[in-house]
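Reading through the structure tokens given below for one structure.
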Amino acid sequence: MRKLCPNFDREDGLETILEVPIPEEMFASMGSNLALRCQNMLTWMKAQTADKWSSPIIAGRFNELSFLLYIVGSPLIPLQVRVDNSVHRPIRDSSIEASTAKYIVQQYIAATGGQPALSSVNSMCAIGEVKISASEFYQSDLRVKVGTTEEMGGFVLWQKNPDLWWLELVVSGCKVISGSNGKLSWRQCSNQQSDISKGAPRPLRRFLQGLDPRSIANLFIDAVCIGEKIINNEDCFILKLETSRAVREAQSGPKFEIIHHTIWGYFSQRSGLLMQFEDSRLLRTNTEKDDGVFWETSSESVIQDYKYVDGVNIAHSGKTQVRVFRYGSGSASHKRELAETWKIDEVNFNVWGLSNDFFLPPLDCIRNNL
């Protein structure tokens with residue numbers, strides 16, 4: 001990952017630290033030599049201003065990118081995860097399926113370093129890179145040609161608990177900033193003049209893709225075991241968690257309703273590690289023009305490359321497939337498939353000086369929430 005940019009204002013000046021590092025592969029594609037690459041990167045950074053993306057062509061390009069970054073780059077899970085340091089639930093009066101799930105979660109805790117190692121982590125910073133692509137756009141039975149090139153970028157993640165986190169994601173010149181301060185969550189694209197989208201506090205899905213074992217254990221401790229399945233030649237137990245009606249109502253907003261949300265985790269019978277994470281949700285958006293439009297989103301993440309960092313075993317790469325289907329009264333059916341390949345380049349635990357003030361939302365978001 002490239003973290004520095006030359007100082008173009010002063011030749012003897014210190015190099016500029018990039019807010020979000022970019023992959024070396026992305027930097028190498030910016031020109032035939034170092035000077036040209038650095039100049040193109042500077043031009044690329046300055047292009048994220050309102051006067052640059054006001055034209056229809058560029059605006060359409062940024063709209064496509066922001067759609068990709070919202071759906072597959074920075075998706076949120078519509079529920080709150082407990083922040084208990086000790087992941088334990090009594091199995092008395094539990095069904096066989098629920099008791100089995102609790103046992104599998106305990107094996108997962110042991111496989112990721114054990115309870116003492118997980119409890120010693122109070123904050124985290126992760127730097128990684130992504131490659132995102134999208135299929136052609138299907139409207140009813142018609143196929144609509146859209147750009148299917150692979151987009152590349154990087155991200156920085158900060159976290160203190162599942163409801164206290166901050167994400168900066170930059171892909172092909174489009175930047176998304178998202179976060180949660182424990183009271184509300186928000187998301188904003190730097191290239192759009194739209195309002196900041198905000199809602200109830202909720203975890204970032206990326207943490208549940210093998211990056212935060214304690215949150216994963218707290219999430220699935222209330223699940224049930226529904227069977228077995230082979231994932232990447234590994235025999236896995238399947239844990240299933242249905243989001244309750246009370247949680248769905250709490251996570252819904254004035255303009256949308258969460259009708260259902262289901263989560264599945266596939267845990268290796270051999271290693272105890274999480275091999276695949278899936279979730280499916282159905283939303284209904286309420287508009288003045290019709291009776292409502294339904295959005296069905298299904299995401300499937302294959303998790304790989306587990307490595308120990310300070311005694312905690314976390315995943316360092318994987319691939320996510322997302323299917324989006326829109327339908328409803330007065331609306332043509334739309335279908336789209338998206339894919340993201342991700343890699344974690346650097347992880348640090350217990351970041352010194354990371355206070356709760358770091359996770360404050362943008363000022364406009366605070367004003368609108370008063």
Side-chain angles (χ1 to χ4, degrees), residues 64-81 126 128-138 148 150-151 153 155 157 162 165 167 169 171 176 178 180 185 187 197 199 202-212 215-216 219-220 223 226 229 231-232 236 238-243 247-248 251-252 256 258-267 273-285 294-305 314-327 334-344:
E64 169 71 8
L65 283 173
S66 62
F67 172 78
L68 297 178
L69 299 191
Y70 272 36
I71 299 297
V72 71
S74 58
L76 309 182
I77 294 291
L79 55 80
Q80 286 188 276
V81 180
E129 54 189 87
V130 296
K131 292 181 180 178
I132 300 177
S133 60
S135 71
E136 295 177 326
F137 184 80
Y138 292 86
T148 58
E150 189 175 63
E151 309 291 349
F155 63 86
L157 273 172
W165 54 268
L167 165 71
L169 171 65
V171 173
V176 166
S178 184
S180 173
S185 60
R187 192 161 47 176
S197 60
R202 56 182 65 176
L204 184 69
R205 190 182 191 277
R206 196 171 294 278
F207 289 117
L208 303 175
Q209 297 170 186
L211 189 57
D212 183 0
S215 293
I216 294 170
L219 174 67
F220 283 105
I226 62 170
K229 186 177 180 180
I231 303 293
N232 284 347
C236 296
I238 308 173
L239 301 192
K240 180 180 179 182
L241 182 67
E242 292 277 3
T243 303
V247 172
R248 296 197 307 268
Q251 293 287 332
S252 298
F256 69 93
I258 302 175
I259 296 177
H260 79 71
H261 180 237
T262 308
I263 297 172
W264 297 268
Y266 299 79
F267 293 82
L273 295 171
L274 178 65
M275 306 302 295
Q276 185 166 301
F277 180 81
E278 295 181 14
D279 77 302
S280 176
R281 75 189 72 177
L282 178 63
L283 304 180
R284 176 181 175 178
T285 58
F294 294 90
W295 290 82
E296 186 173 351
T297 307
S298 300
S299 303
E300 176 184 298
S301 297
V302 177
I303 301 166
Q304 302 170 328
D305 196 19
I314 62 174
H316 281 68
S317 68
K319 185 172 183 178
T320 299
Q321 300 279 349
V322 180
R323 288 170 293 278
V324 182
F325 186 39
R326 192 187 88 166
Y327 57 92
H334 295 168
K335 183 180 179 181
R336 196 83 184 271
E337 293 186 0
L338 318 172
E340 179 200 60
T341 302
W342 51 272
K343 177 183 177 183
I344 303 296

>> Would you say that Q321 contacts E337 through its side chain, given a criterion of any heavy-atom pair below 4.5 Å between the two side chains?
In response: no
> Which value, rounded to the nearest 0.5 Å, describes the distance between K343 atom NZ and H316 atom NE2?
Replying inline: 10.0 Å
>> Would you compute the distance between atom CG of L283 and atom OG1 of T297 and round it to the nearest 0.5 angstrom?
In response: 6.5 Å
> Is there a side-chain contact between V171 and F155, using heavy atoms and a 4.5 Å cut-off?
Replying inline: no
>> Taking the side chain as everything from C-beta on, heavy atoms only, tell me whether F325 gets closer than 4.5 Å to S298.
In response: no
> Is the shortest heavy-atom distance from the side chain of I226 to the side chain of W264 under 4.5 Å?
Replying inline: yes
>> Looking at every heavy atom in both L208 and I216, which two are closest together, and how far apart are they?
In response: O-CD1, 3.7 Å
> About how many Å separate CD of Q304 and OG1 of T341, when rounded to the nearest 0.5 Å?
Replying inline: 9.5 Å
> Are L204 and L157 close enough, and set up right, to give a side chain to side chain contact (heavy atoms under 4.5 Å, CB included), and what steps lead you there?
Replying inline: CA-CA 10 Å; L204 184 69; L157 273 172; 3.3 Å; yes
>> If you compare all heavy atoms of D305 against all heavy atoms of S317, which two are closest, and at what distance to 0.1 Å?
In response: CB-OG, 3.2 Å
> Of the non-hydrogen atoms in I303 and G210, which two are nearest, and what is the gap between them?
Replying inline: CD1-N, 4.0 Å
>> If you compare all heavy atoms of A223 against all heavy atoms of L239, which two are closest, and at what distance to 0.1 Å?
In response: CB-CB, 4.1 Å
> Checking R248 side chain against I259 main chain: does a donor-acceptor pair fall under 3.5 Å?
Replying inline: yes
>> Ring-plane angle category for F220 and F267, please: parallel below 30°, perpendicular beyond 60°, tilted otherwise.
In response: perpendicular
>> Does any part of the side chain of L211, heavy atoms only, come nearer than 4.5 Å to the side chain of W342, both counted from C-beta?
In response: no
> Do R281 and Q251 come close enough that some side-chain heavy atom pair is under 4.5 Å?
Replying inline: no
> How many angstroms lie between atom CD1 of I231 and atom OH of Y266, to the nearest 0.5 angstrom?
Replying inline: 6.0 Å
>> Rounded to the nearest 0.5 Å, what separates atom CZ in R187 from atom CG in L169?
In response: 10.5 Å
> Can you tell which of E340, R205, K319 makes a side-chain hydrogen bond (donor to acceptor under 3.5 Å, both in side chains) with S301?
Replying inline: R205
>> Determine whether I132 and L338 satisfy the following criterion, side chain to side chain contact (heavy atoms under 4.5 Å, CB included), listing intermediate values before the conclusion.
In response: CA-CA 7 Å; I132 300 177; L338 318 172; 5.7 Å; no
> Any donor-acceptor pair under 3.5 Å linking the side chain of W165 with the backbone of R202?
Replying inline: yes
>> What I'd like to find out is whether the side chain of I263 reaches to under 4.5 Å of the side chain of L79, using heavy atoms alone.
In response: yes
>> Is there a side-chain contact between R336 and R326 in this structure, where contact means two heavy atoms from C-beta onward sitting under 4.5 Å apart?
In response: no
>> Can you tell me how far apart CH2 (W295) and CD1 (I71) are? Round to the nearest 0.5 Å.
In response: 7.0 Å
> Is a side-chain N or O of T243 found less than 3.5 angstrom from the main chain of H261, in a donor-acceptor match?
Replying inline: yes
> Any sub-3.5 Å donor-acceptor pair from S252's side-chain atoms to I258's backbone N or O?
Replying inline: yes
